[in-house]
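What you see is a predicted model; the values in this text were computed from it and never measured. Numbers restart at 1 for each chain; the letters A, B, ... are given by sequence-line order, proteins then strands. Side chains included, hydrogens not; waters and symmetry mates left out as well; all remaining heavy atoms used.
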Amino acid sequence: MSTDGPAATAVPHNDPMELEHHTADETHPATDAPATAQPQRPAHQGHSVRLEGLRAFYGEAEQVRGISLEFPANQVTAIIGPSGCGKSTMIRCVNRMHEEIPGAHAKGKVLLDDVDLYDPAVDVVAVRRAIGMVFQKPNPFPTMSIFDNVAAGLRLTSRRRENLSHKVESALRSASLWDEVKDRLSSPGAGLSGGQQQRLCIARSLAVDPEVLLMDEPCSALDPIATLKIEELIDQLKQRVTIVIVTHNMQQAARVADRTAFMLSGALVEVGPTQEIFTTPGDLRTEEYVTGKFG
Amino acid sequence: MSGHGQAQRQLQRFAPSRARQRSDRLARGFILAATVIALIPLVLILYYLLSKGLSSWSPSFFTTDPTGNTFFAKASIGGIKSAILGTIEIVALASAISIPAGIGVAVWLVEYGGERLAAHLVRFFVDVLTGVPSIVFGLFIYIALIVGTGSSYAGYKGSLALSLLMLPVVIRSAEVVLQLVPGALREAALALGAPRWRVIFSVVLPTALPGMVTGVLLAIARAAGETAPLLFTAAATFKTDFNLGQFMNSLPVQIYNDVTSPTTSVVNRAWGAALTLVTMILILNLLARLVSRRSRLA
Amino acid sequence: MEAASVAGGDRSVLERSPLARLPDRLLKYSLAALTALILALIVYFFIRLVGEAEPVFAKSGILDFAFNNDWNVGANHFGALPLVLGTLITSVLALIIGVPVAVATAVYLTELCPSRVKTPVTVLIELLAAVPSVVYGLWGIFFLAPKLQPLEQWLADRLSFIPFVGGGLVTIPNIFIAGLILAIMILPIVSAISREVIATVPPDHKEAALGLGATRWEMIRLAVLPYCRAGITGASMLGLGRAVGETIAVTIVIGDAPQLPHQLFGQGYSLAAVIANEFGEAQGLHRSALFAAGLALFVLTLLVNGVARLLVLRASRSRSASPANPASAGTAIVPAPVR
């Protein structure tokens, strides 16, 4: 269903060669490019990710054993499964974070709108710009203020300063954090509560305008109220980005996800609309897991 | 094929700019270069030591005392026998003093001091002591044992100065190892009804011993290379003397004296002595490394 | 144990006889006494040192000793300013040259290097610390100084518009060579401690930076270096302490001229060098002045090292306060840097 969306957006980007020079520094000037028939990339027209035979290793040990799976554009896909089933490892392969662990490597394909991210010609830095990540533990930069945390990614790519505060504000608004922090943007990010820190990290990821957002158990360190806020946020964000969320909390998956994938021992058991997975799963193991018989 | 090119172009929007890639490469290049630069002096020193020092090595170089002759080109200037023996004697006595004392303090810190204020004070003090210049330890011993005593320099006074220098190193390294001894081991022995001192002597110390050897060897290596504290405690002399109550020669002090000589052959003797000293110290360091690899307390 | 039950027939089994408890107490108090004795000895030495230095202070005052620039043995006048300045200039020079290189090696070894290279390079850098001071001096005066002289002269000629650096004749032992040798000597300790500090940066922060699409260098700049600032400052201060107190190598290469340092490539003197050089023949007031120089050195290194230790400790404390960090950070950093 989503394969048309990305193809449509892919076209305007690859037409003019000079585009590459603008876009290296700036995220938006695609709008100035002559060939851009569409005035601006519509918010709802997103990007899909497809895994093909993805395998991930720690040294010799194979933690993810050949997964093929699609994350459709502008949808929230939840990955559930018992701890140790490889779900975190799997999404860390999507933005090639997995290979940062000494001795770890991955095989297979991860396609972002038909671009194989493991193609040798692909720059890993670009992959991580295109696919943002929110981690299990809120990890704002401890030495930076709230403002600087959000601006950190922007400052890497853009020399221009004039738009910075505007972009920071819009990222904080997108993360529903603006109203809580607008009066203390210069105080340290580490001084916020856990839930606020996690939303700060979401704002930091959104500020660089990624196409996909990966969330690795983003609420596991948070209290229920903070968790609820993040879940509401996820619902709004899918207008803008494709979201993949790993969670050990099945209620959370049921609440936020359009589609749910169930993993066991490094393999994909089944994937489908969330409703279906939780009510009429096709596989006995899924049924046992979602009804709490194990895990 | 075209799919590939298209693919690249689409991700291009996110690719780091040329400037960023350049600064990344540049910074990594600088960091690598700095690491290489850091290793250059070591290579140069070792190379220079070998090329200069080996030529003055000969059997008689190690078996004769220096003669003190620096003027007559024909006459022999002698070797470094007294310096080698002196260094061994002085360092052996310094080790005999500082190793038991240092381990004693470390045992007190770990077994009795714990988190008490006094223990923290001692730790801080010991840390600061590691930074005291070695020449100041020489001054301390000079003041305590030579000023007003009517006596003069002596080998054992050099040993005392070196033992002051070794103490903080021994204490700190022994403490780290003692802390690694699992508490469960102590509790097991205490639960058998053993008194604390037996636990320390028959469980804690034997367990920690191999680990402590590393720190001790490094402390010895450090002391063996020190010149400054010996200058006015043990002084320099030519003849071999096994009496630690007399003036005593040592390798570092002899090298120091020889460096300032205008005579080439004497300077060459300094190179030979330096190569000897560095060889001794490197052997101690290698031993320490081997021991520490063998005996990981974990 | 047996002693208790045999000797005390009428005593409760649970009570150990005073005799059996004796070794325990003996050990505890003798160890405490040993510790106290060592502390007391150092305090005693310090007081005696002040006492020995007193005559020179009494003659013309502490201020004159510290700030007068005339160190004249013949005239029996001792102003230590040239020595203090020589010590400070060479030490700061060592920091300027040595710290960036040391921190870069630490960053390389912890963040960039392939794991195969890591151990050998670490061992080699630590071997630099095993070379005795006198050997550095020997190498400095016979190899480094002559080899660098043309380069120094070239620099001095080109930079003659900069006061202190440019102009003048390059002498063979000189202040710059002393600073360079010191830089090499402090490199291992600064590098080792920086490495331990950098190793405490939580992977979370590094992943946060990488996840934002930072290049490796940007990750180091964004997540690693700011986090380690206090620890690296502490490491540099420890290096400074080393440089200030280093004696023999400096004595050999600094030129031993008791004059105000007026040129980077000219001769100078340092507190430690003057003691090593002149103590043997010194008498009376001269000897007292050398003790005063030792006292100045002692106090200077105490201050520098005290501050450094506090910085490193605080850096590792704040680390271990956060749950993700190994509590071992504190102990891993403090062990005596061995040279």
Determine, step by step, whether C:Arg221 and A:Leu156 satisfy the side chain to side chain contact (heavy atoms under 4.5 Å, CB included) criterion, reporting the C-alpha distance in whole Å, the side-chain angles of both residues, the deciding distance to 0.1 Å, and the verdict. CA-CA 11 Å; C:Arg221 195 165 52 87; A:Leu156 292 179; 3.8 Å; yes
Apply salt bridge (Lys or Arg N to Asp or Glu O under 4.0 Å) to the pair C:Glu207 and A:Lys137, showing each step before the final yes or no. CA-CA 11 Å; C:Glu207 289 189 343; A:Lys137 228 184 84 202; over 6 Å; no
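For the side chain to side chain contact (heavy atoms under 4.5 Å, CB included) criterion with A:Arg128, the lone passing option out of C:Leu212, C:Leu210, C:Thr215 is C:Leu210.
The line from OG1 of A:Thr143 to CG of C:Leu222 is 8.0 Å long, rounded to the nearest 0.5 Å.
Heavy-atom minimum distance, A:Arg204 versus C:Ala208: NH2-CB, 3.3 Å.
Annotation for C:Arg158: atom CZ counts as buried by contact number, over 12 foreign heavy atoms lying within 6.0 Å.
In this structure, chain C has no heavy atom under 4.5 Å from any part of A:Arg96. For A:Leu214, no part sits under 4.5 Å from any heavy atom of chain C, backbone or side chain.
Residues C:Tyr227 and A:Pro142 have side chains in contact (heavy-atom distance under 4.5 Å, counting atoms from C-beta outward).
With hydrogens and angles disregarded, a donor-acceptor distance shorter than 3.5 Å links the side chain of A:Asn139 to the backbone of C:Asp204.
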